[in-house]
Amino acid sequence: MSELITLKATARPRAGKGAARQARRDGNVPAVIYGNQETPETINLEYNELWKQVLRGHFTSTAIELDVQGTKHIVLARDVQVDPVRDTPLHVDFQRVGKDGVIRVSIPVHFVNETLSPGLKRGGVLNIVRHDVEVYCPYDKIPRFFEISLEGMEIGRSIHISAVTMPEGVSPVIKSRDFTIATIAGALKGEEETTTTTAEAGAPAADAKGAAPAAGGKAAPAAAAGKAAPAAKAAPAAKPAAKK
């Protein structure tokens, strides 16, 4: 489970691009808190503290306690705008956690035991349909990831959401169907040999008279018309020897 992290912030009295640029010049990152049917609140975050948390990873899937000059908010980072060149944060949108404490978040999927999958050993390929799964869960019980074992998986097998063990209080957003997360794709060696044999059997053969198709898949003109090729002209007879 992800742990609750704490960030200190200061209120930003003015909104707009001008105030945001001024905050960045002062070494801060502008942000906004919204949701839970409350008035949005503009704040500033200390750049270095925010950057440390972003570098730790899972920033958008970790509950955060924002301390805004003594007033605390439990939030989730929904969007982080970054500089297109330096890849550093420029603005953050935080969503308040509701009174029930349940949030909607995407959890990454990790696959283990690839070497124990007979299908992968035979040349199969792991086809990942969903790299993450959206779930409802309490803000203080957000899973870091879902782990799926590939042990014993053969070619043609599929892994569905029902195969994922979820912690108490965590449930998938999609409940109407047992959706697919990944499959083991590929053909068995025997099937490949059968395909090759079938292809060879379907190759164009010589015609009844033994004439093979010409280059480019077309028969020679005479053969195509169903006529025998004209015989080669006989060599001219030898001239009588000169009389002595």
Side-chain angles (χ1 to χ4, degrees), residues 1-7 9 29 31-38 45 49-67 72-82 87-117 119-120 124-153 157-185:
M1 301 294 177
S2 60
E3 58 184 27
L4 187 69
I5 62 177
T6 303
L7 285 174
V29 177
V32 63
I33 307 173
Y34 67 92
N36 200 27
Q37 299 181 349
E38 297 181 30
L45 298 166
E49 291 300 319
L50 174 64
W51 187 232
K52 288 179 183 178
Q53 297 300 333
V54 172
L55 291 178
R56 290 177 59 186
H58 306 284
F59 183 70
T60 57
S61 60
T62 302
I64 301 170
E65 182 184 68
L66 281 180
D67 185 350
K72 296 183 179 181
H73 306 268
I74 303 299
V75 299
L76 196 69
R78 286 305 188 186
D79 183 49
V80 181
Q81 299 177 21
V82 297
D87 202 31
T88 53
L90 296 176
H91 189 277
V92 185
D93 291 350
F94 293 106
Q95 183 180 11
R96 295 185 182 96
V97 175
K99 295 181 180 179
D100 59 358
V102 176
I103 60 175
R104 177 173 175 168
V105 64
S106 294
I107 306 300
V109 179
H110 292 180
F111 297 91
V112 297
N113 296 330
E114 291 91 342
T115 57
L116 300 180
S117 167
L120 295 180
V125 177
L126 177 63
N127 177 33
I128 302 177
V129 180
R130 293 176 181 267
H131 291 272
D132 49 62
V133 177
E134 274 198 314
V135 299
Y136 292 117
C137 65
Y139 74 88
D140 56 346
K141 294 183 179 180
I142 304 175
R144 284 286 185 184
F145 54 84
F146 292 133
E147 186 175 276
I148 297 177
S149 175
L150 299 176
E151 182 177 357
M153 296 295 293
R157 289 283 304 278
S158 298
I159 303 169
H160 301 279
I161 187 61
S162 57
V164 179
T165 302
M166 295 193 175
E168 183 180 356
V170 180
S171 61
V173 171
I174 300 176
K175 299 181 180 180
S176 59
R177 55 189 173 85
D178 190 15
F179 57 87
T180 302
I181 296 177
T183 61
I184 306 294

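- D132 meets the side chain to side chain donor-acceptor pair (under 3.5 Å) test with no other residue; sequence neighbours excluded.
- Pairing each heavy atom of S61 with each of S106, the nearest pair is CB-O, 4.0 Å.
- R78 pairs by the salt bridge (charged side-chain N to carboxylate O under 4.0 Å, His left out) definition with nothing, not counting sequence neighbours.
- The structure places OH of Y136 at 11.0 Å from CG of D100, a figure rounded to the nearest 0.5 Å.
- Applying the side chain to side chain donor-acceptor pair (under 3.5 Å) test to T165 and every residue at least two apart in sequence or in another chain returns nothing.
- Looking at residues two or more places apart in sequence or on another chain, you find a side chain to side chain contact (heavy atoms under 4.5 Å, CB included) between N113 and L116, S149, E151.
- The ring-ring contact (aromatic ring centres under 6.0 Å, His included) check on H131 picks up nothing, with sequence neighbours excluded.
- Looking at every heavy atom in both residues, P89 comes nearest to V80 through CB-CG1, 4.2 Å.
- In this structure, the separation between CD on E49 and CD1 on I5 is 10.5 Å, given to the nearest 0.5 Å.
- Looking only at side-chain heavy atoms (C-beta outward), F59 and I64 come within less than 4.5 Å of each other.
- Taking I174 as the reference, R130, S176, R177, F179 meet the side chain to side chain contact (heavy atoms under 4.5 Å, CB included) condition, with sequence neighbours excluded.
- Taking every heavy atom of both residues into account, M153 and S117 meet most closely at O-OG, 2.8 Å.
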- Item | Residues L66, I33; criterion side-chain contact (heavy atoms from CB on, under 4.5 Å); working and verdict | CA-CA 9 Å; L66 281 180; I33 307 173; 3.7 Å; yes
- Task: Check the pair H73 / D67 against side-chain contact (heavy atoms from CB on, under 4.5 Å), numbers first and verdict last.
- Result: CA-CA 7 Å; H73 306 268; D67 185 350; over 6 Å; no
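- E134 is linked by a side chain to side chain donor-acceptor pair (under 3.5 Å) to R104, counting only residues two or more places apart in sequence or in another chain.
- Below 30°, between 30° and 60°, or above 60°: for H110 and F145 the angle between ring planes is below 30°, a parallel geometry.
- Under the side chain to side chain contact (heavy atoms under 4.5 Å, CB included) criterion, E65 pairs with L4, T6, K72, I74, sequence neighbours left out.
- Among residues two or more places apart in sequence or in another chain, the side chain to side chain donor-acceptor pair (under 3.5 Å) test is passed with T88 by none.
- Counted within 6.0 Å of CD on Q37, heavy atoms from surrounding residues, nucleotides or ligands total 12 or fewer; the atom is thus considered open.
- Using a 4.5 Å heavy-atom threshold, the side chains of I159 and T183 count as separate.
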- Task: Give the C-alpha distance, both sets of side-chain angles, the deciding distance and a yes or no for side-chain contact (heavy atoms from CB on, under 4.5 Å) between V135 and F146.
- Result: CA-CA 11 Å; V135 299; F146 292 133; 3.9 Å; yes
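- Closest approach of V92 to F94, counting heavy atoms only: CG1-CZ, 3.4 Å.
- Checked against side chain to side chain contact (heavy atoms under 4.5 Å, CB included), V109 has the following partners two or more places apart in sequence or in another chain: F111, V133, I148, I181.
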- Task: Could you walk me through whether T180 and I161 pass the side-chain contact (heavy atoms from CB on, under 4.5 Å) test, one step at a time?
- Result: CA-CA 6 Å; T180 302; I161 187 61; over 6 Å; no
